[in-house]
Amino acid sequence: MNTVRIPAQGQVVCVGETMAALTPDPPEPLERAEHLRLAVAGAESNVAMYLADHGIPATWLSAVGDDPLGRRVLAAVSSAGVDVSYVRTDPHRPTGLMVKNPGPEGTRVHYYRSGSAASALGPDLVHQEPVTTARLLHFSGITPALSASCRALLDRALEPPAARRPYAVSFDVNHRAALWSADVAAPVLRRLANRADIVFVGLDEAQGLWGSDLTADDVRDLLPGPGIVVVKDGSRTATAFTPEGPATVPALRTRVVEPVGAGDAFAAGFLAGVLRGETLTRGLRLGHITAVSALQVTADHGTLPPPRETERSLSLSDEEWQSLTGR
């Protein structure tokens with residue numbers, strides 16, 4: 001893939017909030033649950049952990065509170081092989097918390113992150129290590145929803161035109177309706193996405209934000225700026241649009257335990273492909289393979305298949321890959 005200019009040297013830096021997460025165990029409505037499982041959850045740190053799994057050195061940049069939950073978050077992300085040395089510990093603000101509430105119509109999420117340590121992140125980070133020596137910055141649309149200073153951080157990172165930035169930027173739209181309404185989020189997310197180099201967005205997500213009848217091609221028309229726009233159509237396909245044309249790869253069949261984290265896993269797999277110089281098709285396949293590892297576990301971060309098995313899947317003919325997808 002030569003459609004995005006990414007410096008050969010430097011690190012991948014994933015910027016955003018990671019919270020402590022409480023989940024009823026076994027899964028049941030929160031008001032009836034007797035036991036809660038404590039884990040961590042964060043879109044950008046998920047991407048960093050999966051990149052590390054793929055052998056791509058990754059740094060997570062954020063802030064946590066000077067509290068036990070913050071230390072739990074740092075330990076969990078670090079144990080996955082991610083550099084957390086630049087994460088700031090805030091003595092005045094707490095680590096964010098999310099609580100999952102499983103129910104018959106799906107799982108709802110309750111956030112307790114207003115005024116959190118990560119919500120105080122701001123544009124000054126762009127002028128500091130590790131951003132100044134990064135080859136790729138990864139953000140999601142969750143961050144600009146957290147605070148005005150977080151939104152200013154993305155504006156500053158994306159302010160120079162792509163050709164003049166010292167790093168490439170990937171951006172996962174990742175709209176969270178619990179944080180801000182679609183009416184408020186839609187223009188902000190479109191503006192930020194259109195200034196990035198690589199964009200990930202779900203088709204249903206784009207339809208909820210920018211028009212209920214949008215097709216994948218329409219999404220690309222709405223976002224002409226990025227070198228690569230990846231539109232994910234649920235469990236069906238993912239299409240990568242570039243100036244040279246689109247590539248579409250069907251998703252793999254798998255038993256879904258919980259869908260949370262699959263989008264982050266897909267993004268990490270695709271980015272790993274980009275950073276290795278893979279073709280669009282192999283990059284999309286690597287995204288699907290990585291997403292499956294998240295779909296098969298209740299946690300956000302699952303285990304990748306052995307590298308030899310992954311390489312076999314990447315090397316399949318189109319017909320052989322289709323047989324894995326049931327299409």
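As the structure is a prediction and not an experimental result, all values here were calculated from the model.
A salt bridge links Arg195 with Asp155: at least one charged nitrogen is closer than 4.0 Å to a carboxylate oxygen. A salt bridge links Asp318 to Arg285: one of the charged nitrogens lies within less than 4.0 Å of a carboxylate oxygen. A salt bridge links Arg71 with Asp66: at least one charged nitrogen is closer than 4.0 Å to a carboxylate oxygen. For the pair Arg176 and Glu205, the salt-bridge criterion is not met [side-chain N within less than 4.0 Å of a carboxylate O].
Following chains of ILVMFWY side-chain contacts shorter than 4.5 Å, one can reach Leu209 starting from Val229, so the two form part of one hydrophobic cluster. At a threshold of 4.5 Å between side-chain heavy atoms, the hydrophobic network of Ile, Leu, Val, Met, Phe, Trp and Tyr places Val13 and Leu51 in two separate groups. Val64 is not connected to Tyr112 by any chain of hydrophobic side-chain contacts under 4.5 Å among Ile, Leu, Val, Met, Phe, Trp and Tyr, and they are in different clusters. Residue Ile228 is grouped with residue Leu275 when hydrophobic side chains (ILVMFWY) are merged at heavy-atom distances under 4.5 angstrom, including chains of intermediate members. Side-chain heavy atoms closer than 4.5 Å link hydrophobic residues (I, L, V, M, F, W, Y) into clusters, and following such links, possibly through other members, connects Leu137 to Val188.
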- Message: Pair Val169, Leu158 - check side chain to side chain contact (heavy atoms under 4.5 Å, CB included), show working.
- Response: CA-CA 8 Å; Val169 178; Leu158 289 162; 3.7 Å; yes

- Task: Go through the steps for Leu189 and Trp180 under the test side chain to side chain contact (heavy atoms under 4.5 Å, CB included), then give the verdict.
- Result: CA-CA 11 Å; Leu189 293 174; Trp180 52 348; 3.8 Å; yes

- Message: Let's go through Thr133 and Gln11 carefully: what are the C-alpha distance in whole Å and the side-chain angles of both, what is the deciding distance for side-chain hydrogen bond (donor to acceptor under 3.5 Å, both in side chains) to 0.1 Å, and is it a yes or a no?
- Response: CA-CA 7 Å; Thr133 56; Gln11 54 207 317; 3.3 Å; yes

- Query: Taking it one step at a time, do Val126 and Tyr167 satisfy side chain to side chain contact (heavy atoms under 4.5 Å, CB included)?
  - Reply: CA-CA 11 Å; Val126 175; Tyr167 44 73; 3.8 Å; yes

- Message: Go through it in stages, so that I can follow the logic: the residues are Thr215 and Asp217, the test is side-chain hydrogen bond (donor to acceptor under 3.5 Å, both in side chains), and I'd like the CA-CA distance, side-chain angles, deciding distance and then a yes or no.
- Response: CA-CA 5 Å; Thr215 65; Asp217 293 276; 4.5 Å; no

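Between His288 and Phe266, the ring planes are perpendicular. Angles over 60° get that label, and only those under 30° would be called parallel.
Under the 4.5 Å side-chain criterion, counting only non-hydrogen atoms from C-beta, Pro130 is in contact with Leu61. Within the 4.5 Å cutoff, the side chain of Ile142 has no heavy atoms near those of the Glu17 side chain.
Remark: the backbone N or O of Ala76 is paired with a side-chain donor or acceptor of Ser79 at under 3.5 angstrom. Listed for the Arg156 side chain is no donor-acceptor partner under 3.5 Å among the backbone atoms of Gly122. The closest donor-acceptor contact from the side chain of Ser149 to the backbone of Leu121 lies under 3.5 Å.
Annotation: ring pair (Phe, Tyr, Trp, His ring centres under 6.0 Å) contacts involving residues 188-214, sequence neighbours excluded, comprise Phe200-Phe270. Among pairs with a residue in residues 17-39, none fulfils ring pair (Phe, Tyr, Trp, His ring centres under 6.0 Å), at least two apart in sequence or across chains.
Atom CD of Gln128 is surrounded by more than 12 heavy atoms from other residues, nucleotides or ligands within 6.0 Å. Within 6.0 Å of CZ in Arg108 there are 12 or fewer heavy atoms belonging to other residues, nucleotides or ligands.
Pro123 and His127 get closest at one heavy-atom pair: O-CD2, 3.9 Å. Summarising the geometry of Val199 relative to Ala193, their closest heavy-atom pair is CG2-O, 3.1 Å, with the distance given to 0.1 Å.
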